[in-house]
Amino acid sequence: MAAGKIGTNLGDTVPDFKADSTQGRIEWHKFIEGSWAVLFSHPADYTPVCTTELGTVAAIIPEFEKRGVKVAALSCNDVKSHEGWVKDIEATSYSKGSPIAYPIIADPNRDIANQYKMVDPEEKNAAGLPMTCRAVFIIGPDKKLKLSLLYPATTGRNFPEILRAIDSLQLTVNHKVATPANWESGDKCMVLPTLTDDQATQNFGSFDVVDVPSEKRYMRLTADPTGATKGFMGQKCLMTLAGVASGALLGFVGGRVSNKS
Ligand code: BEZ
């Protein structure tokens, strides 16, 4: 049984819910039990940017699996709408021929959207009802929220960033390091400021101190403590994503480009 405050602030146990999805009924806490998980929402089915996002996630599901992360999408549409839209998503180049092998949760009454504070009051559907923003919740195996992102409907998300953030979260939960700006798996890490130099030596063997005008020794760099080498997971991931991006740049939609203007 997960403990602590229930909510969507960092460190809270994320709210539980039961809902229908494209993969049947989901009991959220049972679904994520003991695993890392990502819950991400999109404004609406049959919208262009959302189609690129869900297709992109389908194409990189192996990257989530490699990291032991379960993925689920959500919007305020019903399962029938999701099922029809999935056929469109799978027909675009964004999914790279991959099926939508993760559940899309139906939240037509906005119960979950309200629980998770995903509703964007600025963005309304044709019926004047608010839609969900592009939220991302990264949840740890303890069911606690580790990271959240909120994007408006007009800005599609960067999924390499989400994988990169998962790499950082999974590294820093086990090692006394923090990851610097633009860090990727295999890059040097910062020794936690709470560690003395002696503790840093005990933990990592060696580290480098960055010279700064204040002469304070707070920027201490050490090798990625997992022994990962730069570019291994990242490069594979980038290759997958480069394929997705190049398909997108070529402008293929289901292998064809149609100009109906
Ligand atoms: C889209 O997915 O393209 C989208 C959805 C809602 C508002 C704006 C864009």
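What's counted below: heavy atoms across the whole structure, side chains too, no hydrogens, waters or symmetry copies. Every number for a ligand or one of its atoms is a count from 1 in the order of the listing. Sequential numbering from 1 along the given sequence is applied to the chain's residues.
Ring planes of F17 and W28: parallel class, angle under 30° (limits at 30 and 60°).
For ligand 1 and E123, the ligand atoms under 4.0 Å from any heavy atom of the residue are 7 (C).
Here CZ of R157 is found 10.0 Å from CG of L150. Values are rounded to the nearest 0.5 Å.
Note: F40 and F137 fail the aromatic proximity criterion, with ring centroids not under 6.0 Å apart.
Given atom 9 (C) of ligand 1, the protein heavy atom at minimum distance is A153 O, 3.8 Å. The single protein non-hydrogen atom nearest to atom 3 (O) of ligand 1 is V49 N, 2.7 Å, given as residue, atom name and distance.
F64 does not carry K70 over the face of its six-membered ring by the limits of under 6.0 Å from the centre and within 45° of the normal.
Residue-ligand proximity: R134 is placed with a non-hydrogen atom under 4.0 Å from ligand 1.
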**Request:** Test side chain to side chain donor-acceptor pair (under 3.5 Å) on N77 and H82 and set out the steps.
**Result:** CA-CA 7 Å; N77 303 100; H82 288 337; 4.9 Å; no

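Ligand 1 has an N or O atom lying under 3.5 Å from an N or O atom of T47, backbone or side chain.
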